[in-house]
Amino acid sequence: MHNKNIKEIKQDLINKKYSVKELIQHFIDRIEKYDSKLNAMITFCKQEAIDQSKLITNIDTSTELHGIPLIHKDVICTKNVKTSCGSKMLDNFISPYNATIVDKMQNSGMIMLGKSNMDEFAMGSSTENSFYGVTANPWNLECVSGGSSGGSAALVAARLIPATTGTDTGGSIRQPAGFCGISGIKPTYGRVSRFGLIAYASSLDQAGPMAKSVEDLAYLLNSMAGYDPKDSTSINISVPNYLENLDKKLKGKKLGLPVKLLSDLDSSINQKIQQFIDELKKLGATIVEIDLPNAHLSVPTYYIVAPSECSSNLARFDGIRYGYRHPDPKNITEQYIKSRGYGFGDEVKRRIMLGTYTLSAGYYDAYYLKAQKIRRIIREDYQKAFENVDAVILPTTPTTAFKIGEKIDDPLSMYLSDIYTVGINLAGLPALSLPVGFINELPIGAQIIGKHFAEDTILNIGHQYQLVTDWHKKIPEEFN
Ligand code: GLN
């Protein structure tokens with residue numbers, strides 16, 4: 001069961017090959033057997049899922065996801081279920097309401113099995129910043145699973161669940177998807193509701209699905225996408241059926257390749273990207289050289305914008321309005337200092353300090369305002385490129401998954417693992433990461449980036465590639 005895609009599971013349920021109850025039990029058994037190796041879960045909603053599955057006796061064929069199990073990233077609010085955000089600060093937080101996407105997926109008939117591990121407040125690229133410990137990579141347990149949605153990626157890669165959600169502020173869906181050999185899409189900013197997502201950087205955050213294949217992503221995005229009056233940044237335009245475009249041939253599609261940007265890419269990764277491109281060419285696409293002249297400014301710009309927004313968003317976690325409260329402060333000042341001092345981990349504190357600095361009087365113009373201006377230029381570069389091409393191709397990461405502990409004391413080198421992803425968030429564009437090969441038995445991903453709201457185009461390209469390749473079908477041996 002665990003190797004089947006959503007369409008196949010759905011068909012089996014309709015044909016009564018197994019019941020929803022058996023399906024759920026199968027994944028519960030896998031999680032119980034294997035998660036101790038990965039540490040990909042924060043909360044396991046075993047009994048709730050069993051109870052829910054017992055209620056489903058007839059499969060509703062009108063909702064494609066009826067009975068399909070999923071796990072949400074722990075930054076996403078789930079009613080009556082702990083939503084920790086990977087932080088001691090929210091270790092005792094039981095959300096009183098559901099995020100809009102949780103409601104939507106539930107309304108599609110999906111059954112939630114729990115919440116996945118993540119970097120604290122979604123800040124990180126390795127899940128090492130989680131209060132609950134690191135999530136190992138199913139392909140090599142000594143390596144990181146990526147971050148911040150590392151738990152969600154590892155769960156899908158090890159086939160412990162067919163679908164998860166992630167959030168992506170600077171790469172947090174795509175980078176772990178790349179490191180774990182699965183598919184993940186960050187939709188256009190405004191395509192999916194942010195209501196009920198615990199905010200990291202509000203102008204960049206976007207939720208999206210993670211799954212084994214691009215086709216599965218299309219099923220899941222159909223459920224997640226759409227305008228939400230509860231999120232003032234969600235956009236009120238119609239959502240296509242993402243399944244409809246998948247079968248289109250790629251003949252005539254123009255794909256942009258920012259050749260200069262790839263000049264210092266590691267040669268083994270470059271080779272995989274070239275093979276990916278060759279395959280797309282065989283499918284009928286043409287490759288056009290493009291220039292993204294300011295792309296090298298993406299990482300510094302992101303690491304001003306995101307911490308600035310985080311310093312403001314995280315001000316509410318003070319032990320009084322929200323979050324961990326230190327038990328024995330001497331006075332009110334110490335109450336704040338100790339609650340925040342003990343409640344947050346090191347990386348979160350680093351970013352709050354950085355962001356407070358870049359927003360403070362005297363430095364605002366030099367840092368925050370300047371970063372906003374560069375953000376606009378980065379976005380304009382993409383807009384110009386998209387005048388000539390349908391999508392842009394980039395690697396997802398500059399390396400394969402690194403060893404646990406390798407970068408934790410060197411934040412700069414950690415930040416550089418986002419070099420190919422953060423610019424896309426700054427520009428608000430949709431991007432897909434999908435597996436395109438292996439280097440030393442570790443998966444490597446490529447990105448397909450689309451125009452604003454052109455998720456259907458990038459899903460089409462990704463799906464056509466997966467019809468002729470089988471990287472997305474590979475399973476780490478230990479979890480077979
Ligand atoms: N790794 C990036 C960061 O630490 C991106 C995180 C994210 O997308 N949530 O900010």
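Both ligands and their constituent atoms are indexed starting at 1 by order of listing.
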Test of understanding: given a 4.0 Å heavy-atom threshold, classify the contact between [X] and ligand 1 as side chain, backbone, both, or neither.
{"X": "Thr169", "answer": "both"}
{"X": "Gln206", "answer": "neither"}
{"X": "Tyr303", "answer": "side chain"}

Need the ligand 1 atom indices (1-based, order shown) with element for anything under 4.0 Å from a heavy-atom of [X].
{"X": "Tyr200", "value": "3 (C), 9 (N), 10 (O)"}
{"X": "Ala122", "value": "6 (C), 7 (C), 9 (N)"}
{"X": "Asp168", "value": "8 (O)"}
{"X": "Gly124", "value": "1 (N), 2 (C), 3 (C), 4 (O), 6 (C)"}
{"X": "Tyr302", "value": "2 (C), 3 (C), 5 (C), 6 (C), 10 (O)"}
{"X": "Met123", "value": "4 (O)"}
{"X": "Gly170", "value": "5 (C), 7 (C), 8 (O)"}

Check this for me, if you would: do [X] and [Y] make a salt bridge, where the nitrogen-to-carboxylate-oxygen distance has to be below 4.0 angstrom?
{"X": "Asp318", "Y": "Arg340", "answer": "no"}
{"X": "Asp365", "Y": "Lys370", "answer": "no"}
{"X": "Lys384", "Y": "Asp291", "answer": "no"}
{"X": "Lys186", "Y": "Asp168", "answer": "no"}
{"X": "Arg351", "Y": "Glu347", "answer": "yes"}

inquiry  = Assess, by modelled atom type and distance only, whether the side chains of Ser130 and Asn117 contain a donor and an acceptor separated by less than 3.5 Å.
reply    =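 The answer is yes; a qualifying pair exists.
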message = Among His72, Lys115, Gln106, which residue satisfies the side chain to side chain donor-acceptor pair (under 3.5 Å) criterion with Thr78?
response = Lys115
request  = Can you pull out the closest protein heavy atom to atom 2 (C) of ligand 1? Residue, atom name and distance to 0.1 Å, please.
outcome  =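 Of every protein heavy atom, Asp418 OD2, 3.1 Å lies nearest to atom 2 (C) of ligand 1.
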Closest protein heavy atom (residue, atom, distance) for atom 7 (C) of ligand 1 =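 I find the closest protein heavy atom is Ser172 OG, 2.4 Å.
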ask   = Could you walk me through whether Gln175 and Ser148 pass the side chain to side chain contact (heavy atoms under 4.5 Å, CB included) check?
value = CA-CA 8 Å; Gln175 187 257 20; Ser148 62; over 6 Å; no
ask   = So is Ser148 close enough to ligand 1, meaning a heavy atom under 4.0 angstrom away?
value = yes
message = With the threshold set at under 4.0 angstrom, would you say Arg351 reaches ligand 1 through any of its heavy atoms?
response =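 Judged by the 4.0 Å heavy-atom criterion, Arg351 does count as contacting ligand 1.
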inquiry  = For Lys272 and Phe276: C-alpha separation, side-chain torsions, deciding distance, then whether side chain to side chain contact (heavy atoms under 4.5 Å, CB included) applies.
reply    = CA-CA 6 Å; Lys272 298 292 166 201; Phe276 173 55; over 6 Å; no
request  = Give yes or no for whether the N/O distance cutoff of 3.5 Å, strictly under, is met between Gly147 and ligand 1.
outcome  = no
ask   = Please walk me through it: do Thr164 and Ser116 pass side chain to side chain donor-acceptor pair (under 3.5 Å)?
value = CA-CA 8 Å; Thr164 54; Ser116 67; over 6 Å; no
